[in-house]
Amino acid sequence: MRQTALILLLLLPRILTAESDGKKAETATPAEAQKAAQPEPESVLFETPPAVETAALYTQTLQEAPANVTVITQQQIRNYGYRTLAEALSNVRGFFTTTDGDLQYAGVRGFNLPGDYNTRILVMLNGHFLTDNVYGAMYMFGQDFGIDMDLVERIEIVRGPSSALYGSNGMFATINIFTRAPADSARAMVSTEFGSFGQKKMLVSTSTYLGRGANLLISGSVFHTTGRSVTAPELGNLTTGSVGAEEGYHTFAQLTWRNWSVTANFQDRKAIVPIGWFGADFGDTGTSTHDSHNFVEAAFTKSMGDGAEIRWRLSYDQFRYYGRYDYTADGVTTDNRDYALGDWIGTQFSYRRKLGKFGSFTVGTQANVDLRNVQVNENVSPQFERMLEVSQPNQSLGVFGQYEYNLTKNLVLFAGIRFDDSSVYRPFVSPKLAAVWKASKDTSYKFMFGRAFRNPSTFERYYVPNPLLEAEKMNTYEFAREQRIYNRVDLIASVFHYRIVGLIEGVPIDAQTLQYRNVSTSQATGFEFEASGHPARWFETSASFSLHQAEYTDPQRALPNSPARLAQFRASVPLARNRLTVSAATRYLSSRLSPYGYRVDPVFLADATATTSHLHRNFDLQLGIRNLANCRYVDPLSTEHLIEVMPGAGRSVFFRLIWHYGE
Amino acid sequence: MPSFASATRAGTSWALLLTLVISANAAASEPRPAIQVLVVRSSRLPAYDEALEGLRSILTGPEFAITDLELDHAAGSENLPALLARKPAVVVAVGSASVEAVTAAEHSSPIVATMVLAPAPETSNRRKAVATITLDIPPAEVLARLKRLYPKRNRIALIRGPALPAAGAARLEAFARNQGYQVQIFDCPGPKELLDALGSLRERFDFVWCLPDSTLYQGPTVSAVILTAIRYRVPLIGFSEGLVRAGALIGFFPDYRDIGRQTGEAVIRQIRGLAPVPVEHPRNVRAAVNERVMRVLGVQHAPDGAEGLVVVK
């Protein structure tokens, strides 16, 4: 597998670019090449460079990271009709998303363990960590993600470990979501959305100039979905409705003034979970979860003028989870309540300095202090009984440094290290090394090594107590070749290998209870290839293919919910003089192993979206179809639920009407 | 009673007059050959299209036959000698690459150069254009407009790239000082030096004036320059609408359609045998301001002088 992946990596871009290189060599004479290199002096007047997003002033971009990066632009979000973060990620090379009927989960590089709450992917909103302090998770990829996609300017996805910069949880990928800066946003926008399964959503957003360089964006949305029906063959074809039923709101406000940015994000979602979650009664619409994650953050960024830049941020986060689970036994229904309360303060400071020909360095520190970290489980009827009450606030501190050195004009070396310590967990040192060799204007090679870790969450360590639980550690090696052809299409081929020691995984200790343990060592080797870009100016497309072999090593067996092959394709074409954009996206997941030991069928999904652009001066429409072929598929579930697999949603349609002013 | 001789003279006169009238009528009814104008342009750019529209609005009517040759187009360069061999009344060269091609070619037609940044340097083996309509906006125009829009801001850093000779920059500096501005020139041989320079300009100047220079503002470096300028809170004065849309605070740039009209008028003067003005600057200057950047930097312009100001997002 490894040898095959390496050979493919080295040969594929060569094969694909051979024709273009050959043509260049045949057609371009030295004189022509020289002429092409010297544009007409006046051409500078006629160029239309891309508009600079002022959001970049307040948030550090990840694009310069020595890593394998994908960027989803605002235009792509719009054209492909991405309504949730999960929809956007499902079309990204190497990513796949699954659902358990309540939450959406993102997998990458063949890793998406059922029962894991996305604890190994770090998600940030404008650089603010969205990981909560109880579950150490970012399990908000659906409507429970507190930002409406209409507000998103860009999503940057960096594959590979990021613990050397961000500490715990940055193992497989780091996702930074940039919202549109207030100055870049429409003065007013109203968006209404209706769709299958009783889906309704309305968003109102406004941005205003307050004077003296201060700009304010305020946005709020409400959503409601009645859900769909699911039949469980493993429960004698029992059927329940209201699967995926949810309602809630998102609010977002950002004030920017000179070097300051103040952000407030409040979100709340209540979902009905009638699918026998944690052994609750199947079909009981009283079983529900209620989550909210709110934060307020002040960030300061200042470019000092001598190549130095300081960034400082201070935030307060609040996380709430309330779950109600009904269990019926012997004709008696027990009303069980499970909740978690988290409040914490975080701060981060970084200083970056350019050293001329010696490159640049970044040093910084990050600290988090839990004000509250509480988990409770209790029965409230027929009689009150508190089974669990845990309060384990944690304090953590990280110190990091990163050095970027231009060894030669074309070879840049990166070295980073971070030290983390906390009041609950052991200290950890995360190094990172990378080299980027720019072989030519259009070709570059990247080699990356990173060591990452993930501390157990307080949920994993204390909910079903396991004092022996320790951090899991991961080493990742990656080699990539990036090539641009015809100045329009980017090719990337990469091969990676990772090994996780002390993998934390839920182990069933009874029918509906998992205890988290450092069960095993896991490793994967994989190959990814992607061609993306604009083959013609009007045509945007991407095609990718990923091969993974992810397994436990002792004893050697395949990881559950890990497709060995993943293929994705998307294309977007403007029609009617750019007044209408038609987009399509397809993805294929090969069969996956369920935790019960059998394989679920491969999945082929296709989506289509039509979006108008300035249909009317202030109005636009969008029509989207999801699972166009009405493919029947299932996602494996972890063993603590009553059902073994979650049937995916069939064909669905949505329609959006957008009114915007001053865009 | 008139004598026979006088009658003969009168008859002859009438006959001659009649012959003249008939001949004149005949001559008038015969189609006069159209004046051939060959337009040679470097490429198909929207700005060139606009200029050509302006040119055609002046060289209108059947007496002008305009041939449009695009050098970038397939066989465009190969067709040039053949078209010049037809001896057009005037050759209009649009863009510096076509000026170079036309002045280097062997032909006898007068050349009017247009849409170029500066008149082509005279060399022994090249012909000189009889008239040049440049894209260079007179600094007086920019400074006067700037004064009306931002009366309280008078500190300007002038970025000098390799394309602007030192003497030209010095003249510009002196002129701006006369207009009441504090100007300082910063030499930037390349984009990297420009990025470094922007850091040192923060809070010391009200504007950074960027003059068109393809060695400094080319391709992806433009975005880096603009982002760095905004990050350092340095308002840029740009030279194109594209630059303003990208993130310069304000920009002054020619009206390309009007440059086409100026070119057409120069062609007519040449055809009529009147001496064209050797070098003409754009007589109609447009200005645009970026509302987003205005909001981020908190730089508001005065309502006076905002007439005709294009506001872009």
- Item | Largest heavy-atom contact set with chain A, pairs under 4.5 Å, which of Gly238(B), Gly251(B), Ala246(B) | Ala246(B)

- Task: Taking side-chain contact (heavy atoms from CB on, under 4.5 Å) as the test, write out the residues that go with Asn406(A), two or more places apart.
- Result: Val412(A)

- Query: So, Asn215(A) side chain and Arg295(B) main chain: donor-acceptor pair closer than 3.5 Å or not?
  - Reply: yes

- Note on the structure: Between Tyr209(A) and Gln300(B) the two heavy atoms that sit nearest each other are CE2-NE2, 3.6 Å

- Query: When rounded to the nearest 0.5 angstrom, what is the spacing between CG in Leu227(B) and OG in Ser303(A)?
  - Reply: 8.5 Å

- Message: Counting only non-hydrogen atoms closer than 4.5 Å, does Pro46(B) touch chain A with its backbone (N, CA, C, O), its side chain (CB onward), both, or neither?
- Response: neither

- Task: Quick one: which residue pairs count as a salt bridge (Lys or Arg N to Asp or Glu O under 4.0 Å) with a foot in residues 235-249 of chain B, not counting sequence neighbours?
- Result: Glu241(B)-Arg245(B)

- Item | Lys354(A) vs Asp196(B), side-chain contact (heavy atoms from CB on, under 4.5 Å): CA-CA, chis, key distance, verdict | CA-CA 10 Å; Lys354(A) 287 184 184 167; Asp196(B) 292 341; 5.7 Å; no

- Query: Heavy-atom distance under 4.5 Å between the side chains of Val44(A) and Phe239(B), does that happen here?
  - Reply: yes

- Name the region of Ser223(B), side chain, backbone, both or neither, that has any atom closer than 4.5 Å to a heavy atom of chain A. both

- Item | Contacting moiety of Asn290(B), where chain A heavy atoms sit under 4.5 Å | neither

- Message: Counting C-beta onward and ignoring hydrogens, is there a side-chain heavy-atom pair between Met115(B) and Glu42(A) closer than 4.5 Å?
- Response: no

- Task: May I ask you to name which of Pro212(B), Ser240(B), Ser200(B), Ser96(B) has the most heavy-atom pairs under 4.5 Å with chain A?
- Result: Ser96(B)

- Task: Measure across Gly242(B) and Pro49(A) and return the closest heavy-atom pair with its distance rounded to 0.1 Å.
- Result: O-CD, 3.8 Å

- Message: Please determine whether side-chain contact (heavy atoms from CB on, under 4.5 Å) holds for the pair Phe46(A) and Leu135(B), giving the CA-CA distance in whole Å, both sets of side-chain angles, and the decisive distance to 0.1 Å.
- Response: CA-CA 11 Å; Phe46(A) 312 132; Leu135(B) 294 161; 4.0 Å; yes

- Query: Can you say whether Lys302(A) sits under 4.5 Å from chain B via the side chain, the backbone, both, or neither, judging by heavy atoms?
  - Reply: side chain

- Item | Which portion of Thr208(A) sits near chain B, non-hydrogen atoms under 4.5 angstrom | backbone

- Task: Take Leu45(A) and Tyr256(B) through the side-chain contact (heavy atoms from CB on, under 4.5 Å) test and state the conclusion after the steps.
- Result: CA-CA 11 Å; Leu45(A) 269 76; Tyr256(B) 301 125; 4.0 Å; yes

